[in-house]
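To start, the structure under review is shown below, and the notes come after it.
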Amino acid sequence: MPHTTDKRTREELARLLYLGKLQATDRRPVLDTIDRGQLAFQALLFECLMSLRDRPHPLAQPRKSAMASISGYLNVICRQPRHLDLSVARARQYASAITSPAFATAVHTFIDVLLGQGSKPSLARSSKTIENYVAALLDTIKAWGAQGLGDPREITKKHIEDALKPLRGDQARRLHSALRTLFRALKRERLIFRDPARSISLAINRPVPTALPSDRVAGLLDRIDDPRERLMVALVAIYAFLPGQLVQLRRTDFDRSKGRLRLRRPGRTDHVVYLDEFTLRLATAWELHRHHRWPDSSNAHLFVNRNTAVDDSGQPISTAAVTLLFQRIGVPAGRLRMDRIVDEARHSADPLRLMELFGLSTYSATRYVLTAHPDKKPGPIAP
């Protein structure tokens, strides 16, 4: 089966499928559900995309490359105005599996609100955030069902506190955030009369930022040969990027002529990073490598892999792929980022400089400075 990125192949498929005549309102080609010949060709094409060399029809567990082709194919051919999103589809599946009809309806409404499709306009959350929220709620909703609670209107503040009591650390934070967001959305959609999670707070122990030993940081780039991975490590080690920020970078955010990289922050002002000469060379090397390997890729994200580069839906690489990279080199991305900020705080001792360089909030920048310079911390009685 030829690659879908081949222009001549796309044109031939468009001719066979009459896609030049069938256009949706957003100028996406759509499938004619009446033309049986076109439906038969679609089924045959789908089987070709599913097939592999060693096994003709690996329907049970297809490889990632096959799944990328199928996703790209469906995103182009389906009538939906937005591309199919696997994370949102899994969240819908989780909601449909809830035995209580009232809770299932509530979670589906919750997903609509997170997608920005509620009764009132709101910013849409990322698809992965939606999936994580719904997945965090499942065990608690199941436990409430076992207690005979089948409707969100029956939940009280005591029920939420009992659900949070046995949890610690990240599990408690995830469930607390998911429950507060859920009941806030249901209150806004008028499915409940009051928000039982509104006044519940969760005590969080924030660790003091510490620097990494120098022997763990030295020679990081010498262990990596891949141009994409070298640029990722440089952006974390020098400019304190987070893994989630790396995967959302777009090619248009990188201005090579001015040596700038724009970091998009929804709900906040974009943070502009001025790249040094070394990082600029790494970014140029990655762009050349990407163009040489995937010249026809239409993915707008800066970082791609062999699956997302040929995916017509333009999905970013997963954050887990970035996390695995730093696990392989032996330094977690979060610790490396923290080490960079602490090192800068030791040299400058100026919160404003940390805010300018790394886009930190006032609280975070002050916290790093006080950690690096304990003598600057004010006493209990201010002069």
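Treat the numbers as computed from the prediction; the structure is a model and nothing was measured.
Formation of a donor-acceptor pair under 3.5 Å by the R153 side chain with backbone atoms of F193 is not found in this model. Not one N or O on the side chain of R262 forms a donor-acceptor pair closer than 3.5 Å with the backbone of D253. Under the 3.5 Å distance criterion, the side-chain polar atoms of N299 are matched with a main-chain donor or acceptor of Q315. Side chain of H176 to main chain of A197: no donor-acceptor pair is present (N/O by atom type, distance under 3.5 Å, no hydrogens or angles). At least one donor-acceptor pair under 3.5 Å links the side chain of T308 to the backbone N or O of N305. Proximity of a side-chain donor or acceptor of R230 to a complementary backbone N or O of I224 within less than 3.5 Å is detected.
A salt bridge links D112 to R92: one of the charged nitrogens lies within less than 4.0 Å of a carboxylate oxygen. In summary, K158 and D162 engage in a salt bridge, as defined by a charged side-chain N under 4.0 Å from a carboxylate O.
Taking the side chain as every heavy atom from C-beta outward, Q327 and L324 approach each other to under 4.5 Å. Counting only heavy atoms from C-beta outward, the side chains of H289 and L231 never approach each other to under 4.5 Å. Considering only heavy atoms from C-beta on, T129 stays 4.5 Å or farther from L114 through its side chain. Side-chain contact between L302 and E287: present, with at least one pair of heavy atoms (C-beta onward) separated by less than 4.5 Å. Counting heavy atoms from C-beta outward, L249 and L235 have side chains that approach closer than 4.5 Å. The side-chain heavy atoms of L370 and R367, taken from C-beta on, include no pair separated by under 4.5 Å. Between F303 and L246, the closest side-chain pair of non-hydrogen atoms falls below 4.5 Å. Residues R340 and D343 are in side-chain contact: their nearest non-hydrogen atoms beyond the backbone lie under 4.5 Å apart.
One distance of note links OG of S100 with CD1 of I141; it measures 8.5 Å at 0.5 Å rounding. Atom CD1 of I341 and atom CZ of F358 lie 5.5 Å apart (nearest 0.5 Å). Put simply, NE2 on H301 and OG1 on T252 are 9.5 Å apart, with the number rounded to the nearest 0.5 Å. The CD atom of Q147 lies 11.0 Å from the CD atom of E154; values are rounded to the nearest 0.5 Å. Atom CG of residue L275 and atom CG of residue D255 lie 9.5 Å apart, to the nearest 0.5 angstrom. Distance check, rounded to the nearest 0.5 Å: OH of Y239 to CD of E344 gives 11.5 Å.
The cluster map of Ile, Leu, Val, Met, Phe, Trp and Tyr, joined by side-chain heavy atoms under 4.5 Å apart, puts L242 and F254 in different clusters. The hydrophobic cluster containing L280 also contains I238, counting ILVMFWY residues as joined when their side-chain heavy atoms lie under 4.5 angstrom apart, directly or transitively. By the criterion of side-chain heavy atoms lying less than 4.5 angstrom apart, applied directly or through intervening Ile, Leu, Val, Met, Phe, Trp or Tyr residues, V113 is not grouped with V88; the two fall into different hydrophobic clusters. I329 and L282 fall within the same hydrophobic cluster, where Ile, Leu, Val, Met, Phe, Trp and Tyr residues are linked whenever their side-chain heavy atoms come under 4.5 Å apart, directly or through other members. Linking Ile, Leu, Val, Met, Phe, Trp and Tyr whenever their side-chain heavy atoms come within less than 4.5 Å leaves V342 and M355 in two separate clusters.
Shown here for A349 and H373, the closest heavy-atom pair between the two residues is CB-NE2, 3.4 Å. The shortest heavy-atom contact between R188 and G118 is NH2-CA, 4.4 Å. Of all heavy-atom pairs spanning A124 and L115, the tightest one is CB-O, 3.4 Å. Listed here is the closest heavy atom pair of P152 and L186: CB-CD1, 4.0 Å. Contact record, A172 with L164: O-CD2, 3.9 Å, taken as the closest heavy-atom pair. Closest approach of S199 and K157 over heavy atoms only: OG-NZ, 3.5 Å.
Between W294 and W286, the ring planes are perpendicular. Angles over 60° get that label, and only those under 30° would be called parallel.
No hydrogens or angles considered: a donor-acceptor pair under 3.5 Å links the side chains of H159 and T156.
Annotation: side chain to side chain contact (heavy atoms under 4.5 Å, CB included) contacts of H271 (sequence neighbours excluded): L263, R265, V273.
Counting non-hydrogen atoms of neighbouring residues, nucleotides and ligands closer than 6.0 angstrom, the CD atom of Q93 reaches no more than 12 such neighbours. Within a 6.0 Å radius of CZ in R264, more than 12 heavy atoms belonging to other residues, nucleotides or ligands are found. Annotation for E277: atom CD does not count as buried by contact number, only 12 or fewer foreign heavy atoms lying within 6.0 Å.
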Practice prompt. Assess whether side-chain contact (heavy atoms from CB on, under 4.5 Å) is satisfied between E189 and F110, documenting all intermediate values.
Written response: CA-CA 9 Å; E189 297 298 312; F110 177 48; over 6 Å; no
Practice prompt. Go through the steps to decide whether R180 and I200 satisfy the test side-chain contact (heavy atoms from CB on, under 4.5 Å), and finish with yes or no.
Written response: CA-CA 8 Å; R180 290 202 62 176; I200 296 179; 5.8 Å; no
Worksheet entry | Worked check of side-chain contact (heavy atoms from CB on, under 4.5 Å) between I155 and I192 | CA-CA 10 Å; I155 304 303; I192 58 176; over 6 Å; no
Worksheet item: Could you walk me through whether R198 and K187 pass the side-chain contact (heavy atoms from CB on, under 4.5 Å) check?
Response: CA-CA 10 Å; R198 180 178 180 179; K187 178 69 165 58; over 6 Å; no
Which side-chain N or O atoms in residues 132-140 pair as donor and acceptor under 3.5 Å with protein atoms at least two apart or in another chain?
residue, atom, partner, partner atom, Å
N132, ND2, K128, O, 3.2
Y133, OH, R125, NH1, 3.4
Y133, OH, S177, OG, 3.2

